Amino acid sequence: MIATKTKKAPTEGAPVFFIMLRNMLIGLVSTVATTLMGAAAKGDWLIMLVYLRGKDGPDKALPSFLAPSGNGTAEHTVFDQFLESHGMKHLHLFILMGIAGSFIIYYPVGGFWHWYYYVRQRDQAEEWKCQPNKFLSKENEAHAVMLGSFNMVLGGTLSGTIACYIVNGGYSMLYFNLWDYGIVYTVLSTMFVFLLNEWTVYWSHRIMHMPVLYKKIHKWHHRYIQPTAFTASAMHPCEFLLNQCIMAAPMFIFPLHVGSYVGVLLWTYYYGMRDHSGIISESPWPWQQDVMFHDDHHLYFHVNFGMNTKFIDMMYGTVRRKDREYSEDIFYGFGREKAENKAQ
Ligand SMILES: [Zn+2]
Ligand SMILES: [Zn+2]
């Protein structure tokens with residue numbers, strides 16, 4: 001799945017080239033699988049699919065086995081006509097595909113990771129796990145799967161509805177042709193939407209850590225002190241939908257190339273899954289934090305609010321500091337002076 005600090009000896013006698021090739025292939029497959037799982041968890045993979053296939057309308061956006069019967073045939077029911085007259089042709093099929101696709105991708109990929117690390121390498125946890133001495137309880141593991149599954153139904157429904165609306169000619173500001181706004185605008189708007197998304201996520205997350213909202217809503221996600229990939233989508237359903245809306249908003253607000261939007265979504269989903277995996281991994285990108293950053297958020301609670309970069313936390317002084325203490329009862333992101341420091 002993810003590059004770890006496992007200290008196993010390289011395969012003796014095997015040419016270096018083949019070892020490098022094998023590691024590259026493992027890295028590639030794990031990156032693709034992680035991204036797919038992340039996209040499946042949020043249901044937005046359907047929006048991506050629609051943008052890759054759906055320029056020609058709702059009939060073309062659906063796979064052939066779900067392909068609708070034509071107008072005027074016996075199968076074209078009153079229900080179909082109702083949806084079509086409201087600009088939501090095949091809504092139920094889009095929702096069905098959104099939910100089914102999420103489950104089909106999410107569980108095999110997540111299940112494989114779970115087996116590969118949490119079952120197969122459980123005895124060597126100090127080599128790969130962020131919190132090597134603690135594992136999520138069986139009860140919380142089951143809770144994360146149940147809650148995450150419920151949220152995937154919500155996510156699949158929401159993204160299926162948005163996808164259906166857009167392929168039926170509904171309003172959005174996404175563009176398909178790079179030359180509509182030029183390369184410079186496309187590059188700048190991609191960077192802007194990435195930063196805007198980070199900024200919005202940082203503040204929505206930090207506000208969720210205000211005492212009232214934390215206790216009523218966000219605590220649902222923080223019951224998992226040792227996060228696993230399955231906990232990435234396990235949160236209060238209202239928070240899950242809020243996050244979905246934050247991610248979807250830019251495509252309705254300013255012109256954005258479809259590739260930029262899909263790229264930022266994939267990036268966010270990949271790192272969202274990776275950051276919840278509980279598996280040590282350093283980021284190759286200077287702005288992207290290591291897995292430990294969000295793992296520490298679960299361990300220390302009210303600190304490290306950013307998801308794709310620690311720079312916003314650094315700017316506001318909410319990065320965890322080793323000379324301060326943190327707990328679920330110490331709110332607002334700055335921790336508290338350690339008792340031993342006070343005594344000096
Ligand atoms: Zn949090
Ligand atoms: Zn989390």
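Note that the structure is a prediction, hence the values are computed from the model and not measured. As the structure lists them, so they are numbered: ligands from 1, and atoms in each ligand from 1.
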For this session: Answer yes or no for His294: is there an N/O/S atom below the 2.8 Å cut-off from the Zn ion (ligand 2)?
Result: yes

Problem set entry | N/O/S from His297 sitting under 2.8 Å away from the Zn ion (ligand 2) | no

Problem set entry | NE2 (His205) to the Zn ion (ligand 1) to NE2 (His209) angle, given to the nearest 10 degrees | 90°

For this session: Can you tell me, to 10 degrees, how wide the angle at the Zn ion (ligand 1) is between NE2 on His222 and NE2 on His218?
Result: 90°

Exercise. Between His276 and Phe230, does the ring centre distance come in under 6.0 Å?
Worked result: no

For this session: Any chance you could measure His257, atom NE2, to Tyr185, atom OH, to the nearest 0.5 Å?
Result: 12.0 Å

For this session: May I ask you to say whether Lys338 pairs ionically with Glu325, meaning some side-chain N is under 4.0 Å from a carboxylate O?
Result: no

For this session: Please say which of Trp203, Phe311, Phe305, Phe334 ends up in a ring pair (Phe, Tyr, Trp, His ring centres under 6.0 Å) with Tyr316.
Result: Trp203

Problem set entry | For the Zn ion (ligand 2): the N/O/S atom of His221 at shortest distance | NE2

Exercise. Looking only at heavy atoms, what is the nearest atom pair of Glu282 and Asp290, with distance?
Worked result: CA-OD1, 3.3 Å

For this session: Take the Zn ion (ligand 2) as the vertex and measure to NE2 of His276 and NE2 of His298; round to 10°.
Result: 110°

